[in-house]
Amino acid sequence: MTTERLHFEDFPVGAVVPFGDALVRRAELIEFAAEFEPQALHMDDEAAEETPLGGLSASGWHTCCMMMRKMCDGFLLNSTSLGSPGIEDVKWMKPVRPGDRLHFRYTVLEARASNSRPDVGLVKFLFEALNAEDVLVMSMATVIMFRRRSATSVTPALDEVSL
């Protein structure tokens, strides 16, 4: 049985969609920090107690990586994604602790056809990570490019129309 891949048209503005969850494991938190961000607040309980975070917490980049994995598993690998021109905004609002169970969702903020490539659509997402108490711990805004099912239904933008 084949499943059709997600296209630009499958991301309507206003849609709010959960796409997975992840358990923050202490050993993985420390391992990630040791390799990529070896600060005490991510590796040492006693030292972390003395920081404004008040205890051991995941690197924000580790949280981003967990979210990216869930984005891939949840929908990107079954889509016509053509990548992203970059992340507009990342915010880490609350510490992510060992043992936290995060759940992830996206909201479609905007969607439009590409001005230069009518076979491509651009979707602006707000991705969010929430802990088990539904407290927002991280958000990320970004645009992802997807193939369109049909470019024939496109109404050209005013700047694309020759008058």
Side-chain angles (χ1 to χ4, degrees), residues 2-25 28-29 31-33 35-37 39 42 53 57-97 100-163:
T2 53
T3 311
E4 184 177 349
R5 295 172 61 134
L6 298 169
H7 287 70
F8 166 77
E9 294 83 359
D10 297 312
F11 300 98
V13 173
V16 179
V17 179
F19 62 89
D21 67 307
L23 177 63
V24 180
R25 292 182 170 81
E28 291 170 2
L29 181 155
E31 183 180 320
F32 183 95
E35 185 168 352
F36 299 108
E37 191 178 345
Q39 297 184 68
H42 304 312
L53 298 181
S57 64
S59 160
W61 298 113
H62 185 192
T63 308
C64 286
C65 288
M66 288 187 288
M67 179 182 281
M68 186 69 214
R69 179 60 201 224
K70 294 306 173 179
M71 288 166 60
C72 287
D73 293 347
F75 68 98
L76 281 178
L77 295 179
N78 186 39
S79 78
T80 60
S81 171
L82 299 168
S84 172
I87 295 172
E88 292 182 18
D89 188 48
V90 175
K91 291 183 178 145
W92 298 296
M93 286 76 115
K94 298 285 183 186
V96 172
R97 308 284 189 198
D100 280 354
R101 178 163 296 281
L102 303 179
H103 55 280
F104 303 99
R105 68 181 177 209
Y106 68 74
T107 302
V108 178
L109 301 176
E110 300 172 23
R112 69 171 182 84
S114 168
N115 291 330
S116 59
R117 294 185 55 198
D119 62 323
V120 173
L122 296 98
V123 179
K124 182 175 182 179
F125 292 94
L126 174 64
F127 293 102
E128 297 175 306
L130 299 98
N131 64 21
E133 291 78 38
D134 281 333
V135 173
L136 186 63
V137 297
M138 186 193 120
S139 69
M140 177 176 71
T142 189
V143 171
I144 299 176
M145 299 174 288
F146 295 93
R147 291 216 183 275
R148 298 183 66 215
R149 284 195 181 88
S150 170
T152 58
S153 63
V154 177
T155 304
L158 186 58
D159 62 350
E160 296 175 312
V161 177
S162 55
L163 301 173

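Computed from a predicted structure; not experimentally measured.
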Enquirer: T142: what forms a side chain to side chain donor-acceptor pair (under 3.5 Å) with it, not counting sequence neighbours?
Expert: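 Result, side chain to side chain donor-acceptor pair (under 3.5 Å) vs T142: S84.
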
Enquirer: Is there a side-chain contact between V90 and M67 in this structure, where contact means two heavy atoms from C-beta onward sitting under 4.5 Å apart?
Expert: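 Answer no - side chains too far apart.
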
Enquirer: At what distance, to the nearest 0.5 angstrom, does CE of M71 lie from CG of L76?
Expert: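 So the gap between those two atoms works out to 5.0 Å.
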
Enquirer: Among residues at least two apart in sequence or on other chains, which ones pass salt bridge (Lys or Arg N to Asp or Glu O under 4.0 Å) with K124?
Expert: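 Salt bridge (Lys or Arg N to Asp or Glu O under 4.0 Å) list for K124, sorted by chain: E88.
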
Enquirer: Among all residues two or more places apart in sequence or in another chain, which pass the salt bridge (Lys or Arg N to Asp or Glu O under 4.0 Å) test with R101?
Expert: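 Result, salt bridge (Lys or Arg N to Asp or Glu O under 4.0 Å) vs R101: D21.
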
Enquirer: State which residues pass side-chain contact (heavy atoms from CB on, under 4.5 Å) with P12; sequence neighbours excluded, sorted by chain then number.
Expert: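 Partners of P12 under the side-chain contact (heavy atoms from CB on, under 4.5 Å) test: A15.
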
Enquirer: So which pairs with a foot in residues 126-149 pass ring-ring contact (aromatic ring centres under 6.0 Å, His included), sequence neighbours left out?
Expert: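 As it turns out, the ring-ring contact (aromatic ring centres under 6.0 Å, His included) pairs with a partner in residues 126-149, which skip direct neighbours, are F11-F146, F19-F127, F125-F127.
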
Enquirer: Please examine the side chains of D134 and H103, heavy atoms only from C-beta on, and report whether any two atoms are closer than 4.5 Å.
Expert: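 SC-SC contact between H103 and D134 confirmed.
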
Enquirer: State which residues pass side-chain contact (heavy atoms from CB on, under 4.5 Å) with N131; sequence neighbours excluded, sorted by chain then number.
Expert: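 N131: side-chain contact (heavy atoms from CB on, under 4.5 Å) contacts with L102, E133, V135, V137.
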
Enquirer: Kindly write out the residues that satisfy salt bridge (Lys or Arg N to Asp or Glu O under 4.0 Å) with K94, not counting sequence neighbours, or none if the list is empty.
Expert: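 Salt bridge (Lys or Arg N to Asp or Glu O under 4.0 Å) check on K94 returns nothing, list empty.
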
Enquirer: Just wondering, are more than 12 heavy atoms of other shown residues or ligands nearer than 6.0 Å to CH2 in W92?
Expert: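 Counting other residues, nucleotides and ligands, CH2 of W92 exceeds 12 neighbours.
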
Enquirer: Please round to the nearest 0.5 Å and tell me the distance separating atom CG of L130 and atom CG of D100.
Expert: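 The distance works out to 11.5 Å.
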
Enquirer: Step by step, work out the side-chain contact (heavy atoms from CB on, under 4.5 Å) result for R148 and D119.
Expert: CA-CA 5 Å; R148 298 183 66 215; D119 62 323; 5.5 Å; no

Enquirer: In chain order, what residues pass the side-chain contact (heavy atoms from CB on, under 4.5 Å) check against E31, with sequence neighbours excluded?
Expert: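 E31 satisfies side-chain contact (heavy atoms from CB on, under 4.5 Å) with no other residue.
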
Enquirer: Would you say S114's side chain and S116's backbone share a donor-acceptor pair under 3.5 angstrom?
Expert: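 Such a contact is found between S114 side chain and S116 backbone.
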
Enquirer: Could you tell me if the side chain of M66 sits less than 4.5 Å from the side chain of M138, heavy atoms only?
Expert: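 No; the side chains remain at least 4.5 Å from each other.
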
Enquirer: Testing the basics here: between V96 and L29, what is the closest heavy-atom pair and its distance to 0.1 Å?
Expert: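 Closest heavy-atom pair between V96 and L29: O-CD1, 4.3 Å.
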
Enquirer: For S79, check side chain to side chain donor-acceptor pair (under 3.5 Å) against everything at least two apart and list the hits.
Expert: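 None.
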
Enquirer: To check you understand the geometry: which heavy-atom pair defines the closest contact between V13 and A111, and what is its length?
Expert: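 Heavy-atom minimum between the residues: CG2-N, 3.7 Å.
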
Enquirer: Suppose we screen for ring pair (Phe, Tyr, Trp, His ring centres under 6.0 Å). Which residues come up paired with F8, at least two apart in sequence or across chains?
Expert: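 Per chain and number, F8 pairs via ring pair (Phe, Tyr, Trp, His ring centres under 6.0 Å) with no residue.
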
Enquirer: Between D10 and R149, does any NZ, NE, NH1 or NH2 come within less than 4.0 Å of an OD or OE carboxylate oxygen?
Expert: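 A salt bridge is present here (some side-chain N lies under 4.0 Å from a carboxylate O).
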
Enquirer: For R97, enumerate each residue passing the salt bridge (Lys or Arg N to Asp or Glu O under 4.0 Å) test, keeping only those at least two apart in sequence or located in another chain.
Expert: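 For R97, no residue satisfies salt bridge (Lys or Arg N to Asp or Glu O under 4.0 Å) once neighbours in sequence are set aside.
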
Enquirer: Looking at CZ of F75 and CD1 of I144, how far apart are the two atoms once the value is rounded to the nearest 0.5 Å?
Expert: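 Nearest 0.5 Å value for the CZ-CD1 distance: 5.0 Å.
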
Enquirer: Quick one: list whatever passes side-chain contact (heavy atoms from CB on, under 4.5 Å) with R69, sequence neighbours left out.
Expert: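 Applying side-chain contact (heavy atoms from CB on, under 4.5 Å) to R69 gives D73.
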
Enquirer: Of the non-hydrogen atoms in H62 and A58, which two are nearest, and what is the gap between them?
Expert: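 Looking at all heavy atoms of both residues, the closest pair is ND1-CB, 4.2 Å.
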
Enquirer: In sequence, state the C-alpha distance, the side-chain angles, and the governing distance for H42 and S57, and then conclude on side-chain contact (heavy atoms from CB on, under 4.5 Å).
Expert: CA-CA 5 Å; H42 304 312; S57 64; 3.9 Å; yes

Enquirer: Grab the two heavy atoms, one from S139 and one from L126, that are nearest each other, plus how far apart they are.
Expert: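 Answer, listing the atom of S139 first, then L126: CB-CD1, 4.1 Å.
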
Enquirer: Is the shortest heavy-atom distance from the side chain of F36 to the side chain of S59 under 4.5 Å?
Expert: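 F36 does not reach S59 side chain to side chain.
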
Enquirer: Which pair of non-hydrogen atoms, one from H7 and one from R5, has the smallest distance, and what is that distance?
Expert: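 Closest pair (atom of H7, atom of R5, distance): ND1-O, 2.9 Å.
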
